[in-house]
Amino acid sequence: MDQQPYNPSEIEARIQQRWNQDKVFVAREKQGAEKFYCLSMLPYPSGALHMGHVRNYTIGDVISRYHRMLGKNVLQPMGWDAFGLPAENAAIKNNTAPAKWTYSNIEHMKIQLKRLGFAYDWTREFATCQPDYYRWEQLMFTRLMKKGLAYRKGAEVNWDPVDQTVLANEQVVDGRGWRSGAVVERRSIPQWFLKITDYAEELLNGLDDLDGWPEAVKTMQRNWIGRSEGVEFELKVCNEHGQPDQRDLAIRVFTTRPDTGFGVTYAVLAPEHPLVGLITSAAQQIEVNEFVEKASAETEADRLAEGGEKQGVFTGAYVLNPFNNKAVPLYLAEYVLMGYGTGAIMAVPGEDQRDWDFANLNQLPIIRTVQPPEDWAGEAFNGDGPSINSEWLSGLHLQDARKKAIDWLEERGLGERTVNYRLRDWGVSRQRYWGCPIPVIYCPACGAVPVPEEQLPVVLPEDVTFMGVQSPIKADPEWRKTQCPQCGANAERETDTFDTFMESSWYYARYCSPGSNAQLDERAGYWLPVDQYIGGIEHAILHLMYFRFYHKLMRDAGIVHGDEPATRLLCQGMVVAETYRQKQEDGTTAWINPADVDVERDNEGKVLAARLASSGIQVEIGSVEKMSKSRNNGVDPNDLVESYGADTVRLFSVSNSAPEKSLEWSDSGVEGAFRFLRRLWSLVSTHVAEGTVAALQIEELNKDQKRIRCLVHDTIAKVSDDIAHRLTFNTAIAAVMELSNHMSRYKSRSDQDRAVLDEGWNAIVRLMAPITPHICEELWERLGHTESITSTLWPEADESARVKSTLTIAVQVNGKLRANIQVSPGSTEDEVRKIAVAEINVQRHIEGKMICKVILVPDRLLNIVVS
RNA sequence: GCCGGAGUGGCGAAAUUGGUAGACGCGCUGGAUUCAAAAUCCAGUUUUGGCAACAAAGUGUCGGUUCGAGUCCGACCUCCGGCACCA
């Protein structure tokens, strides 16, 4: 049979051009049609597409194209998260302007995206570094200033004393600046904050209704917000005999466990606490200063980690425990953070493990105030039990004791009930150039004044040269010069820029109002909320929290409706790959790209060794890690599209594991995907070449024909469920492969055989169309359809074809499989039992024993329990 | 350290609500085809014992609940993601 071979590059170029010409994926607001807004997280234009992008965008495209085939009005946009640190680093390294570098990366990556055939509406594309985009976020910010939701306060940064610049956490390696190598200092400078804490309660409660979000993400967000109910009260500073401090000093503490108040044996201040200087005794001064200095050099994560060792120092001061009026020593410790609660705690080592560890390290007394269970082998006990050693609280259980303790403090005016959150306000100032300028003017007379709306946007100059590492707008004395909008006096612009999370917090809405001369217009009302959002699990907390917060800010500004930006969320796993390394003569490790390595196996398929393809020299096999430059284990999607075509790359990206799990790269896996497409191509072509197909006569089908037709419709049902509800494209593809294997083995070719097979191939081509759209478009046409597969409807399973006359069910004796038997669907326990005990192998295991129980799982399994 | 997740054949994995563990793919072995190779097609492939029928074991470790546990509960081990200035 003379057939054209599968030639993806020819097919894909031709089909993509046709989609493009026909403007197939340009979305319009159509009243009446059910809308579906499918959004993948926008990429940072780092230079080239990597496999993580390909995986993310393939998943989004499969979902988009599937919903399109359900007849919905689908929007799938794409854009660029264009501000950020790497552009500045590239600028410093290569002496190019960040804007130029960014735009050229965008141009390159856009070509790569287009070659993968994603169904994007490119007419809505934008880059977040365009003044047309960021002007709206400046406007929003000035309005938040007026509402009191944006405010300025001192906050710490990493200061590189050599480069005279602020470093991102990522740029601090082992406490040193990554470029200068200088020991990094912590410095407090004034910065802008958004009051996300005002929305803490709503952000928390809103999670309960986000049924379409993964539980893991919701749990992480709940814990991040960290709501706790408790009481805030004062500990009066005193000397060791309990005599009050003459200055009447007191520290405020927050606790969720006031019921343990009689167990307080010391108290702790955060090293940055403002009262440290006032409270420290002369004798402890030197030690305390040293400790504060050391603590301030460390980041928070370091302080909390540090091998679990609870570092601290005595201040020389004491505080009065209001519960029993006893003086307890006051310490500084790294495990107490200024940013959480009041920056000070009462310590109850008997009921808190961190306090327990600290007490032991510093030889402080421990008093249990909750009776642990008898077999208690732990150290601190934070569970429920009767209070002990607690005067008027003794005998009460946790809830009652807590309430009584709070009432007691409130009645005496010593403290009050408080709800505390771990969540902190969002610091949006960055001391960097390549970001959205913060629209504020500082006037010597009027203070911080928002830039008036008619003067927006404050445009970031793009044609700049980097002198060293300094931000060009900070280095330029002219750029900042301006007049105060209120009094007209000479004033200066803010030279800090926004955190880039600011841009990625509202881009989803802007896609819905392209070209609008307002931030958003009524078209956003049509498309929002996002019906399916897709992105990496690494964004579970920060981005996705800011994204929800910003939506609520826009809602309160009256420009969007609804409380949440996205109803369904899918977090895909990472793309990982084998690593290979080689020790160099100078002792360093060279990482070898998997593409340059041949793997040697024994005749059972076990890996024996890996060798360089070029020289045959053996290399060490490393662990499987996230694809990265540093491990040189990345693969270039471009090369793959070149050799196999976009459909193969797309197929592999979703076929080898469930989307939320990590995807391990394998060359032979890609080969396998390609092989399947080639087989599909040849099977469908052969079927078409066999000539015209007779009409299907469902009533006339023989047993074998019915069996195939049943498989076809089972597969349609399975694939529909997998794509629509479970988002498990891997199992959907496996089901299609299974069906195609069965169909290819079906050899007889009567009129009705061919009619059944024709129905099958028509189903398979549509089921695969969201995943491998180019080959399916081509095969669809060859199957005789004139309409594009992009406007064809998804196949529906014919339930009558799925009815089976007999089922295979398992027979167990004492939970162990002993036979498989054929029964008719819906058989009763007696009917199944009769067939089961007739089986020789079943008889062997029940012979001479008493049947004490029989359990039937209808149409699945029968378990006979004997003794 | 805290929060979240994962651990299943030689490998990537599947098992949807507690009901036949290993679908599908890769690799490997044998065969067909070929002058030969590639490609393709067919068969086999968890481990152990057995010619086989079949039996026993088996889902990171230890223990528990249940007629029945990869799935639920308790303790632990290892790996991965996040921890507020990478995005």
Side-chain angles (χ1 to χ4, degrees), chain A residues 41 43-44 46 81 84-86 157-158 166-172 214-217 219-220 222-224 226 299-310 335 339 354 423-427 429-432 499-501 504 536-543 545 571 573-574 576 599 601-607 623-626 655-658 660-669 671-673 675-676 678-679 682 721-722 725-726 728 730-731 733-738 741 744-745 808-812 814-817 820 841 844 852-855 857 860-861 863-865:
Chain A
M41 289 183 188
Y44 176 77
S46 55
D81 189 15
L85 200 53
V157 293
N158 305 310
V166 174
L167 299 178
N169 288 342
E170 190 191 51
Q171 298 171 306
V172 180
E215 281 308 319
V217 172
T219 307
M220 281 190 266
R222 280 189 190 104
N223 293 337
W224 187 257
T299 66
E300 216 158 84
D302 288 343
R303 267 169 61 182
L304 293 173
E306 220 165 83
E309 186 106 309
K310 299 286 177 287
Y335 74 98
R354 288 167 308 178
L423 182 70
R424 307 204 292 250
D425 279 337
W426 175 13
S429 293
R430 297 292 180 270
Q431 296 70 38
R432 303 232 171 74
D499 176 6
T500 56
F501 274 129
S504 55
I537 184 69
E538 66 273 18
H539 297 293
I541 296 175
L542 291 180
H543 163 65
M545 185 81 78
C571 289
M574 294 174 309
V576 297
V599 172
R601 292 167 189 279
D602 68 7
N603 61 7
E604 283 177 336
K606 284 184 199 172
V607 173
S623 54
V624 173
E625 295 185 48
K626 181 178 178 169
S655 66
N656 239 25
S657 65
E660 68 275 10
K661 298 198 176 158
S662 62
L663 171 70
E664 186 172 328
W665 182 259
S666 105
D667 279 326
S668 44
E671 290 276 357
R675 213 172 299 167
F676 172 71
R678 199 164 46 189
R679 195 157 59 232
S682 121
D721 182 48
D722 283 351
H725 306 117
R726 303 206 307 146
T728 52
N730 53 332
T731 53
I733 292 161
V736 170
M737 286 178 169
E738 211 175 342
N741 288 343
S744 71
R745 283 184 208 120
T808 305
I809 77 164
V811 180
Q812 297 179 336
N814 283 352
K816 282 190 185 287
L817 180 68
N820 281 302
N841 207 33
R844 196 158 47 215
C852 37
K853 203 170 180 184
V854 175
I855 294 138
V857 182
R860 297 206 69 152
L861 167 146
N863 188 12
I864 302 169
V865 185

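Computation of the quantities below employed the complete heavy-atom set of this structure, encompassing side-chain atoms and omitting hydrogens, waters and symmetry-equivalent molecules. Numbered from 1 within each chain, the chains take letters A, B, ... in sequence-line order.
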*Asks:* Checking Phe501(A) now: which residues fulfil ring pair (Phe, Tyr, Trp, His ring centres under 6.0 Å) with it, not counting sequence neighbours?
*Replies:* Tyr546(A)
*Asks:* Extract from the structure each pairing of a protein N or O with an N or O of nucleotides 39-42 of chain B at less than 3.5 Å, listing the distance.
*Replies:*
{"from": "rA39(B)", "atom 1": "O3'", "to": "Arg678(A)", "atom 2": "NH2", "distance (Å)": "3.3"}
{"from": "rU40(B)", "atom 1": "OP1", "to": "Arg678(A)", "atom 2": "NH2", "distance (Å)": "3.0"}

*Asks:* For Asp721(A), check side chain to side chain donor-acceptor pair (under 3.5 Å) against everything at least two apart and list the hits.
*Replies:* His725(A)
*Asks:* Which residues pass the ring pair (Phe, Tyr, Trp, His ring centres under 6.0 Å) test with Trp224(A), not counting sequence neighbours?
*Replies:* none
*Asks:* Is Lys816(A) near enough to rA57(B) that one of its side-chain N or O atoms lies under 4.0 angstrom from OP1 or OP2?
*Replies:* yes
*Asks:* Any donor-acceptor pair under 3.5 Å joining the side chain of Arg432(A) to the base of rC85(B)?
*Replies:* yes
*Asks:* For nucleotides 76-80 of chain B, list the nitrogen or oxygen atoms of the protein found under 3.5 Å from its nitrogen or oxygen atoms, one pair per line.
*Replies:*
none

*Asks:* What string of B, S and - do you get for nucleotides 7-24 of chain B 5' to 3' if you count protein non-hydrogen atoms under 4.0 Å?
*Replies:* ---S-SSSSB--BB--BS
*Asks:* Using the test salt bridge (charged side-chain N to carboxylate O under 4.0 Å, His left out), find all partners of Arg726(A) that sit at least two apart in sequence or belong to another chain.
*Replies:* Asp722(A)
*Asks:* Is Thr500(A) near enough to rA87(B) that one of its side-chain N or O atoms lies under 4.0 angstrom from OP1 or OP2?
*Replies:* yes
*Asks:* For Glu170(A), check side-chain contact (heavy atoms from CB on, under 4.5 Å) against everything at least two apart and list the hits.
*Replies:* Leu85(A)
*Asks:* Using only heavy-atom distances, decide whether a donor-acceptor pair under 3.5 angstrom links the side-chain of Gln171(A) to the base of rC86(B).
*Replies:* no
*Asks:* Starting at CG of Asn169(A) and ending at P of rC85(B), how long is that distance when rounded to a whole Å?
*Replies:* 7 Å
*Asks:* What is the nucleic acid contact for Phe676(A), judged by heavy atoms within less than 4.0 Å: base, sugar-phosphate only, or nothing?
*Replies:* nothing
*Asks:* Measure from CD1 on Ile541(A) to C1' on rA87(B) and round the result to the nearest Å.
*Replies:* 15 Å
*Asks:* Atom OH of Tyr335(A) to atom P of rG1(B): distance rounded to whole Å?
*Replies:* 16 Å
*Asks:* If you pin Ser668(A) and Trp224(A) to their nearest nucleotides in RNA chain B, which one's is more 5'?
*Replies:* Ser668(A)
*Asks:* Once you apply a heavy-atom cut-off of 4.0 Å, does Val736(A) come out as touching a base, just sugar-phosphate, or nothing?
*Replies:* nothing
*Asks:* Under a 3.5 Å cutoff on both atom distances, Watson-Crick or G-U, what's the dot-bracket for RNA chain B ([ ] crossing, | other strand)?
*Replies:* (((((((..(((......[....)))((((((.......))))))((((....))))..(((((..]....))))))))))))....
*Asks:* Between atom NE2 in His539(A) and atom P in rG81(B), what is the gap in whole Å?
*Replies:* 14 Å
*Asks:* Could you run down the sub-3.5 Å N/O contacts of the protein with nucleotides 69-74 of chain B?
*Replies:*
none

*Asks:* Under the rule for salt bridge (charged side-chain N to carboxylate O under 4.0 Å, His left out), what residues qualify as partners of Arg222(A), not counting sequence neighbours?
*Replies:* Asp208(A)
*Asks:* Which part of the nucleic acid, if any, lies within contact of Glu660(A), taking any heavy atom under 4.0 Å across all strands shown: a base, the sugar-phosphate backbone alone, or nothing?
*Replies:* nothing
*Asks:* Each nucleotide in nucleotides 47-54 of chain B should get exactly one letter: B, S or -. Can you fill that in based on protein heavy atoms under 4.0 Å?
*Replies:* -------S
